[in-house]
Amino acid sequence: MSPFPSKIVTAASTGVAVATASAFSLYLPTLFTRQHQDTDMKLWAAIPALLALSACGGDQPPADPAVDYAANAARWVDEEFQPSTLSRDEQLAELAWFTKAAAPFRHLEISVVSEALTTHAYESEVLAQAFAEITGLQVTHDLIQEGDVIEKLQTQMQSGQNVYDAYVNDSDLIGTHSRYGYVVPLSDFMAGEGAAVTSPTLDVDDFIGKSFTTGPDGKLYQLPDQQFANLYWFRYDWFQREDLRARFQEAYGYELGVPVNWSAYEDIAEFFSETVKTIDGEPVYGHMDYGKKDPSLGWRFTDAWLSMAGAGDVGIPNGKPVDEWGIRVAGCQPVGASVSRGGAANSPAAVFALRKYMEWLKRFAPPEAQGMTFSEAGPVPAQGRIAQQIFWYTTFTADMIEPGLPVVHEDGSPKWRMAPSPRGPYWESGMKLGYQDAGSWTLLKSTPLERRQAAWLYAQFVVSKTVSLKKTLVGLTPIRESDLNSDAMTDAAPRLGGLVEFYRSPARVAWTPTGTNVPDYPKLAQLWWPNVANAVSGAVSPQEAMDTLAREQDEVLARLERIGIQGDCGPKLNPEANPEEWLSKPGAPKPRLDNEKPRGRTVPYDQLIKAWREGRAA
């Protein structure tokens with residue numbers, strides 16, 4: 001990372017630096033007094049040219065004399081953009097670069113879209129206004145449901161008509177974006193048509209999710225804007241009660257603690273739902289989930305439930321050759337989802353995962369959970385009746401620390417904690433262990449270049465180091481390593497229930513989004529929820545549901561193969577074979593285990609946190 005401010009621009013293709021006089025003079029005192037550990041020699045060598053350019057004023061278009069953009073930037077830095085990992089001078093320098101870079105686009109009003117999360121609401125309501133006042137470039141940042149974001153994205157890709165100038169959509173679509181050719185590879189854009197509007201302090205290597213947004217060709221296709229993981233959540237206060245610990249030890253023969261495997265999770269669920277039953281006169285449950293026939297039921301599975309059971313292969317960020325969707329690839333070509341083609345979507349491990357989901361939902365969760373969607377079930381643990389949840393999104397953290405909630409102490413500290421997801425009996429060391437959402441900025445080729453460049457400026461602004469730490473503290477969806485290692489995050493850690501410790505630990509790499517094995521996320525994702533719902537309703541067995549799902553995924557892959565528009569990484573189905581041939585080979589698909597419920601294993605939470613703080617996975 002260069003220690004120089006964003007106002008000093010190094011063109012990627014030529015290495016030539018340009019700057020405004022005000023930009024350089026603002027940073028000059030700091031430049032020669034601070035000790036920088038990572039000095040960019042190209043920029044040092046460019047100082048004479050920068051001074052000469054400062055003298056002549058460069059090619060900066062005339063600014064609106066009625067607007068003092070520098071004063072606006074200073075006000076935002078002082079009143080809103082604190083804390084930051086940058087010094088005040090560095091923040092002002094970075095913002096001055098945005099002011100200059102945006103000048104040619106002030107006649108535009110750009111529009112971008114993202115799903116309705118707390119992080120994106122902060123961008124829409126606060127950062128868009130700040131960007132306009134600092135740059136003069138107006139932005140409309142729409143917030144809609146996640147499914148609607150995908151629909152708008154598909155509409156623009158298929159019609160070629162510009163709907164939005166930029167999208168924040170999940171990196172789950174990386175396999176789609178890298179194959180169809182509709183999306184602008186950011187690696188190419190930053191070195192070419194977007195070089196002049198790419199901030200030199202963007203620091204792509206600082207983004208903890210950049211591997212999630214990199215295609216099979218090694219190119220960066222999306223820029224992470226927010227991230228949250230899917231972890232285990234539990235009532236730390238209940239798990240510490242000596243009376244409950246003694247009763248659990250007597251019943252199960254091991255300590256009540258963070259479950260390492262699904263067997264322990266099931267024992268703890270049974271203990272609270274069927275043995276403890278009530279605490280302080282209120283009914284309690286050992287599990288929470290949702291089961292209504294709804295598209296969100298598909299997320300419950302595609303967000304890595306099968307990998308948690310152990311259905312795929314070893315590999316980070318995703319299993320190779322078989323991933324958590326049960327799709328096998330040969331090189332970068334998907335070759336099948338059915339066991340008969342070498343996939344694992346209907347393998348014994350996948351069927352086990354569906355069966356356990358159904359069993360726990362019906363046996364241990366509140367009765368109303370079966371009729372809930374994702375959004376309806378999300379707030380339930382905060383109501384104080386749930387002992388644990390195996391599938392809990394950290395994006396709910398901000399909603400779980402509100403003063404006055406039954407799960408928050410009077411001093412504001414949480415009664416709950418988050419911990420690594422327990423793993424199923426088919427899981428092996430080196431596999432991904434859970435899901436991580438990475439909503440990421442995506443540019444489409446159908447967006448006119450000028451509008452794309454302007455939108456790219458806004459996208460970089462809302463993830464810039466000037467604002468990213470404050471945004472992280474608001475939405476609790478960290479994206480930068482530098483923010484995670486800041487004193488501000490250390491100070492916030494005690495009230496966040498393990499979020500900071502998790503993201504600082506090496507364990508986080510095992511929680512990843514959908515990867516590149518999935519060649520068309522929208523077409524394949526829509527197959528999951530109807531099939532899961534059929535099993536939940538009892539219309540079909542878990543095996544029948546997964547057989548149908550695997551066959552339908554193969555049919556989509558076959559259609560994509562026939563159309564042939566995905567290039568060298570498009571599907572090429574394996575011929576069908578006897579499933580036993582594949583089940584007898586190493587790796588996924590894996591044969592059925594004789595014992596799918598080994599002895600439960602737990603670990604004390606405080607021991608786990610100590611390991612994380614020391615930089616160990618566990």
Query raised in the report: Do Arg508 and Glu481 meet the salt-bridge criterion of a basic N to acidic O distance under 4.0 Å?
Result: yes
Query raised in the report: Looking at Val329, Asn517, Leu306, which one forms a side-chain contact (heavy atoms from CB on, under 4.5 Å) with Asp323?
Result: Asn517
**Report entry** Under 3.5 Å donor-acceptor, Asn261 side chain and Arg599 backbone
**Finding:** yes
Query raised in the report: Do Asn346 and Gln543 have side-chain atoms, one donor and one acceptor, less than 3.5 Å apart?
Result: no
Query raised in the report: Which residue pairs pass the salt bridge (charged side-chain N to carboxylate O under 4.0 Å, His left out) test with at least one member in residues 382-403, sequence neighbours excluded?
Result: Glu368-Arg385
Query raised in the report: Roughly how far, to the nearest 0.5 Å, is the CD atom of Glu376 from the NZ atom of Lys292?
Result: 5.5 Å
Query raised in the report: Is any side-chain heavy atom of Val168 closer than 4.5 Å to a side-chain heavy atom of Val113?
Result: no
Requested in this report: Mind running side chain to side chain contact (heavy atoms under 4.5 Å, CB included) on Thr548 and Val540 for me, showing each step along the way?
Outcome: CA-CA 10 Å; Thr548 301; Val540 299; over 6 Å; no
Query raised in the report: Hey, mind stepping through Tyr521 and Thr302 against side chain to side chain contact (heavy atoms under 4.5 Å, CB included) and telling me if it holds?
Result: CA-CA 10 Å; Tyr521 184 96; Thr302 58; 4.2 Å; yes
Requested in this report: Go through the steps for Lys471 and Asp225 under the test salt bridge (Lys or Arg N to Asp or Glu O under 4.0 Å), then give the verdict.
Outcome: CA-CA 10 Å; Lys471 188 178 81 169; Asp225 177 272; 3.3 Å; yes
Query raised in the report: Would you find a donor on one side and an acceptor on the other, under 3.5 Å apart, between the side chain of Tyr265 and the backbone of Ile390?
Result: yes
Requested in this report: Would you mind telling me which of Trp529, Phe391, Tyr290, Tyr357 makes a ring-ring contact (aromatic ring centres under 6.0 Å, His included) with Phe301?
Outcome: Tyr357
Query raised in the report: Taking the side chain from Ser273 and the backbone from Glu270, do they hold a donor-acceptor pair closer than 3.5 Å?
Result: no
Query raised in the report: Can you tell me if Thr477 and Thr119 form a side-chain donor-acceptor pair at under 3.5 Å?
Result: yes
Query - Gap separating the CD1 atom of Ile316 from the OG atom of Ser211, nearest 0.5 angstrom - result: 9.5 Å
Requested in this report: Quick one: closest heavy-atom pair of Gln436 and Pro513, and the distance?
Outcome: O-CG, 2.9 Å
**Report entry** Ion pair Lys590/Asp313, N-O distance below 4.0 Å
**Finding:** no
Query - Flag, side chain of Trp528 to backbone of Trp299, donor-acceptor distance under 3.5 Å - result: no
Query raised in the report: Going by an N to O cut-off under 4.0 Å, is there a salt bridge joining Glu359 and Lys356?
Result: yes
Query raised in the report: Just by distance, do the side chain of Lys415 and the backbone of His409 share a donor-acceptor pair under 3.5 Å?
Result: no
Query raised in the report: Going through the checks in order, is the side chain to side chain donor-acceptor pair (under 3.5 Å) test met by Tyr426 and Glu596?
Result: CA-CA 8 Å; Tyr426 293 89; Glu596 292 182 322; 2.5 Å; yes
Query raised in the report: Do the side chain of Thr442 and the main chain of Ser440 share a donor and acceptor less than 3.5 angstrom apart?
Result: yes
**Report entry** Thr278 side-chain N/O to Gly281 backbone N/O, donor-acceptor pair under 3.5 Å
**Finding:** no
**Report entry** Aromatic centroids of Phe248 and Tyr254 separated by under 6.0 Å
**Finding:** yes
Query raised in the report: Name the one of Glu115, Glu146, His177 that satisfies side chain to side chain donor-acceptor pair (under 3.5 Å) with Asn169?
Result: His177
Query - Phe502/Trp511 aromatic ring centres below 6.0 Å - result: yes
Requested in this report: Tell me yes or no: between the side chains of Arg423 and Ser429, is some donor less than 3.5 Å from an acceptor?
Outcome: no
Requested in this report: State whether Asp483 and Arg480 are salt-bridged, where the test is any N-O pair (Lys NZ or Arg NE/NH1/NH2 against Asp/Glu carboxylate O) under 4.0 Å.
Outcome: no
Query raised in the report: For the rings on Trp416 and Trp392, is their centre-to-centre separation under 6.0 Å?
Result: yes
Report task. Would you confirm whether the ring centroid of Tyr285 sits within less than 6.0 angstrom of the ring centroid of Phe272? Result -> no
Requested in this report: Decide if the gap between the ring center of Trp305 and the ring center of Trp325 is smaller than 6.0 angstrom.
Outcome: no
Query raised in the report: Phe396 and Phe374: aromatic ring centres closer than 6.0 Å?
Result: yes
Query - Interatomic spacing from OH in Tyr236 to CD1 in Ile609 - rounded to 0.5 Å - result: 9.5 Å
Query raised in the report: Do Phe239 and Tyr605 have their ring centres less than 6.0 Å from each other?
Result: no
Query raised in the report: Looking only at side chains, do Asp142 and Tyr164 share a donor and an acceptor under 3.5 Å apart?
Result: yes
Query raised in the report: Taking it one step at a time, do Leu223 and Phe207 satisfy side chain to side chain contact (heavy atoms under 4.5 Å, CB included)?
Result: CA-CA 8 Å; Leu223 184 69; Phe207 287 82; 4.0 Å; yes
Query raised in the report: Is there a donor in the side chain of Asp289 and an acceptor in the side chain of Gln370, or the other way round, less than 3.5 Å apart?
Result: no
Query raised in the report: Going from CG on Asn230 to CG on Asp437, what distance comes out if it is rounded to the nearest 0.5 angstrom?
Result: 10.0 Å
Query raised in the report: For Glu324 and Asn318, what are the C-alpha separation, side-chain angles and deciding distance, and is it a side chain to side chain donor-acceptor pair (under 3.5 Å)?
Result: CA-CA 7 Å; Glu324 68 272 19; Asn318 303 89; 3.1 Å; yes
Query raised in the report: With a 4.5 Å heavy-atom cut-off, do Leu496 and Met418 have their side chains touching?
Result: no
**Report entry** Whether over 12 other heavy atoms sit under 6.0 Å from Lys597 NZ
**Finding:** yes
Query raised in the report: Looking at Ile268 and Gly257, what are the two nearest heavy atoms and their distance?
Result: CD1-O, 3.4 Å
Query raised in the report: Counting heavy atoms not belonging to Asp280, are there more than 12 under 6.0 Å from its CG?
Result: no
Requested in this report: Locate the shortest heavy-atom distance separating Pro224 from Ile479; write the atom from each residue and the value.
Outcome: O-CD1, 3.9 Å
Requested in this report: Could you tell me how the ring of Tyr393 sits relative to the ring of Tyr435: parallel (under 30°), tilted (30 to 60°) or perpendicular (over 60°)?
Outcome: perpendicular
Query raised in the report: How far does OG of Ser114 sit from NE2 of His141, to the nearest 0.5 angstrom?
Result: 3.0 Å
Query raised in the report: Got a second to check how far Phe352's CZ is from Met546's CE, nearest 0.5 Å?
Result: 13.0 Å
Report task. Answer yes or no: are there more than 12 heavy-atom neighbours, outside Glu555 itself, under 6.0 Å from its atom CD? Result -> yes
Query raised in the report: Any sub-3.5 Å donor-acceptor pair from Trp360's side-chain atoms to Ala269's backbone N or O?
Result: no
Query - Check: Gln222 side chain, Thr213 main-chain N or O, donor-acceptor pair, under 3.5 Å - result: no
**Report entry** Salt bridge flag under 4.0 Å for residues Asp237 and Arg235
**Finding:** yes
Query raised in the report: Do side-chain atoms of Asp554 reach the backbone of Ala337 as a donor and acceptor pair under 3.5 angstrom?
Result: yes
Query raised in the report: Is the shortest side-chain N to carboxylate O distance from Arg245 to Glu250 below 4.0 Å?
Result: no
Report task. Could you please spell out the steps behind the side chain to side chain contact (heavy atoms under 4.5 Å, CB included) verdict for Arg417 and Tyr232? Result -> CA-CA 8 Å; Arg417 300 290 188 273; Tyr232 170 75; over 6 Å; no
